[in-house]
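Below is one structure, written out as structure tokens; the observations come after it.
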Amino acid sequence: MKLTRIDMLKRAIRRLPLYSQERIFLEKELFNTEAGIRGETRLRKKFVEFYSTEPYEILWNTSLTLGKWPVQIDGLLLTSKVALIIESKNISGELHFDNGTGEFYRIDSNGVKTVMDNPAIQVEKHIRFMQNWFAEKHIHLAVDGLLVFTAVQAELCTIPHAIHTCRHHQMIEFAFRILKGYSSSPQLHKQSLKEIKQMIENENTPFLQKPIAQQYSFHPLLFEQGIYCEACETLNVLRESGAWRCLKCGNKSKSAADEAVLDYFALFGNQAKNEAIRQFIKIDDRHLVKRLLSKNSILKHGNKRHSKYSLDAAEIIE
């Protein structure tokens with residue numbers, strides 16, 4: 001199976017003490033990640049209303065790099081006039097941009113003020129990135145951006161001066177309004193747009209998630225060891241008479257140990273020896289763990305006791 005960010009967060013959360021600060025923090029991260037995905041889904045559904053007689057191409061969830069500078073762009077609309085970056089943010093509440101200080105904050109339904117990273121600045125960075133990326137490819141196309149707030153309960157109290165900003169239901173009309181401000185490039189036609197889209201797709205590299213412990217600088221010992229039982233949500237599964245059985249509820253599972261191995265890579269990633277994984281899932285039998293590590297998505301490096309294992313990078317996606 002492929003480990004998405006949501007899956008990795010869920011695997012980490014279930015191995016942290018119930019009321020620990022780390023678990024509460026990751027639960028918020030999970031909530032925000034799921035909200036972001038819902039927002040991106042709304043964005044794509046809304047885009048079906050974009051109907052134009054002029055040629056265009058659309059790309060979703062594009063990851064590109066310039067040197068060591070990576071970016072991830074929610075939507076990229078290619079037209080003969082301009083390349084329009086569409087950035088989705090699923091943030092609810094009263095939203096305020098302070099154009100004097102560059103700060104962005106929201107006031108939620110309880111009146112609590114929270115200062116957040118300014119998404120308009122992120123759009124500005126993406127515009128600058130695509131301008132440089134096009135320049136390196138000798139593509140003569142202007143770049144602009146549109147920041148779209150997708151949350152149903154979002155209220156734009158103030159907007160940034162430098163970046164086009166709107167609510168979800170306004171997106172299509174705002175996009176057409178932006179396009180009207182640009183003249184068509186005589187060098188670009190329908191085939192050219194397809195070629196540019198193909199160039200971008202050829203260099204698109206799916207964003208690889210860092211292991212949770214590494215990403216958030218969590219100490220490995222914070223995470224509880226053992227094999228997780230989906231039925232009673234405890235770490236009490238052991239090998240018994242050739243089967244994996246939970247000592248607490250008696251539930252049997254064919255995949256519990258395989259899932260525990262995936263937990264290890266979701267949390268710690270990198271390369272690991274058989275011994276480290278045995279310790280994490282609390283199995284003493286190195287040959288049994290070796291069989292668990294012989295799955296197709298797990299790569300083996302080296303031989304015999306010097307062997308190390310890693311999850312195929314293609315299995316860890318955004």
Side-chain angles (χ1 to χ4, degrees), residues 4-6 9 25-50 58-64 69-77 82-131 143-179 206-207 209 215-216 317-318:
T4 65
R5 174 170 169 77
I6 286 177
L9 285 169
F25 173 78
L26 289 188
E27 286 172 341
K28 290 180 180 178
E29 289 287 283
L30 176 61
F31 176 84
N32 292 335
T33 300
E34 291 177 327
I37 291 174
R38 288 195 300 271
E40 290 175 18
T41 300
R42 289 196 197 105
L43 199 73
R44 297 192 192 196
K45 288 182 177 179
K46 188 66 176 177
F47 194 80
V48 300
E49 297 177 12
F50 185 88
I58 184 70
L59 298 101
W60 299 109
N61 197 23
T62 300
S63 297
L64 297 171
W69 179 16
V71 300
Q72 188 171 16
I73 298 173
D74 294 337
L76 181 60
L77 174 63
V82 62
L84 182 62
I85 292 166
I86 305 174
E87 182 68 24
S88 165
K89 290 299 177 186
N90 195 320
I91 306 173
S92 59
E94 297 180 4
L95 308 180
H96 299 260
F97 290 87
D98 188 324
N99 288 289
T101 65
E103 293 288 354
F104 168 72
Y105 63 92
R106 73 105 176 261
I107 298 176
D108 65 20
S109 57
N110 296 316
V112 177
K113 177 181 176 180
T114 304
V115 178
M116 300 177 172
D117 289 342
N118 190 334
I121 293 177
Q122 181 182 6
V123 177
E124 289 179 338
K125 289 179 180 179
H126 286 176
I127 291 172
R128 181 163 54 87
F129 177 96
M130 287 308 305
Q131 288 171 336
V143 184
D144 209 329
L146 176 59
L147 175 59
V148 183
F149 286 92
T150 57
V152 176
Q153 300 299 325
E155 179 184 356
L156 288 173
C157 298
T158 57
I159 59 174
H161 291 164
I163 294 296
H164 305 286
T165 304
C166 68
R167 293 276 311 283
H168 167 254
H169 68 279
Q170 302 169 308
M171 179 181 71
I172 302 303
E173 302 313 315
F174 264 68
F176 279 117
R177 196 180 303 166
I178 293 168
L179 296 183
F207 182 75
Q209 288 294 329
Q215 183 177 359
Y216 297 104
I317 61 174
E318 200 254 346

Quick one: [atom1] on [X] to [atom2] on [Y], what's the gap to the nearest 0.5 Å?
X: Leu147; Y: Phe174; atom1: CG; atom2: CZ; answer: 10.5 Å
X: Gln209; Y: Leu9; atom1: CD; atom2: CG; answer: 7.5 Å
X: Leu146; Y: Asp74; atom1: CG; atom2: CG; answer: 11.5 Å
X: Ile73; Y: Phe129; atom1: CD1; atom2: CZ; answer: 6.5 Å
X: Lys45; Y: Glu40; atom1: NZ; atom2: CD; answer: 13.5 Å

Quiz prompt | Note, Met130 side chain near Leu64 side chain (heavy atom, < 4.5 Å) | solution =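 Touching, per the 4.5 Å side-chain cut-off.
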Quiz item: Are any non-hydrogen side-chain atoms of Val123 and Ile127 less than 4.5 angstrom apart?
Solution: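 Contact flag for Val123/Ile127 side chains = yes.
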Quiz item: What residues, two or more places apart in sequence or in another chain, satisfy ring pair (Phe, Tyr, Trp, His ring centres under 6.0 Å) together with Phe25?
Solution: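 For Phe25, the residues satisfying ring pair (Phe, Tyr, Trp, His ring centres under 6.0 Å) (neighbours in sequence not counted) are Tyr216.
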Self-check item: Partner set under ring pair (Phe, Tyr, Trp, His ring centres under 6.0 Å) for Phe47, not counting sequence neighbours
Solution: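 Phe47 satisfies ring pair (Phe, Tyr, Trp, His ring centres under 6.0 Å) with Phe50, Trp60 only.
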Test of understanding: with side-chain contact (heavy atoms from CB on, under 4.5 Å), list the residues that count as partners of [X], not counting sequence neighbours.
X: Ser109; value: none
X: Glu49; value: Lys46, Ile172
X: Ile37; value: Ile6, Thr33, Thr41

Self-check item: Any donor-acceptor N/O pair, Asn110 side chain to Val112 backbone, under 3.5 Å
Solution: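 No: the side chain of Asn110 does not pair with the backbone of Val112.
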Would you mind writing out the side-chain donor-acceptor pairs for residues 88-95 within the sub-3.5 Å range, not counting sequence neighbours?
from, atom 1, to, atom 2, distance (Å)
Lys89, NZ, Gln122, OE1, 3.0
Asn90, ND2, Ala35, O, 2.8

Self-check item: Summary of salt bridge (charged side-chain N to carboxylate O under 4.0 Å, His left out) pairs that have at least one residue in residues 99-124, sequence neighbours excluded
Solution: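 For residues 99-124: none.
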Quiz item: Does anything in residues 101-127 pair up under ring-ring contact (aromatic ring centres under 6.0 Å, His included), and if so which pairs, sequence neighbours excluded?
Solution: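 As it turns out, the ring-ring contact (aromatic ring centres under 6.0 Å, His included) pairs with a partner in residues 101-127, which skip direct neighbours, are His96-Tyr105, Phe97-Phe104.
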Quiz item: side chain to side chain donor-acceptor pair (under 3.5 Å): which pairs involve residues 152-170, sequence neighbours left out?
Solution: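 The answer is Asn99-His161, Asp144-His164.
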Least distance between heavy atoms, [X] atom then [Y] atom:
X: Ile86; Y: Leu43; answer: CG2-CD2, 3.9 Å
X: Asn118; Y: Gly102; answer: ND2-O, 2.7 Å
X: Gly145; Y: Ile163; answer: O-CG2, 4.4 Å
X: Leu76; Y: Ala83; answer: CD1-CB, 4.3 Å

Practice problem: Could you go through the side-chain contact (heavy atoms from CB on, under 4.5 Å) check for Asn61 and Arg44 one step at a time? | Solution: CA-CA 11 Å; Asn61 197 23; Arg44 297 192 192 196; 3.7 Å; yes
Quiz prompt | Under the side chain to side chain donor-acceptor pair (under 3.5 Å) test, residues paired with Glu27 that sit two or more places apart | solution =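 For Glu27 the side chain to side chain donor-acceptor pair (under 3.5 Å) partners, ignoring immediate neighbours, are Arg23.
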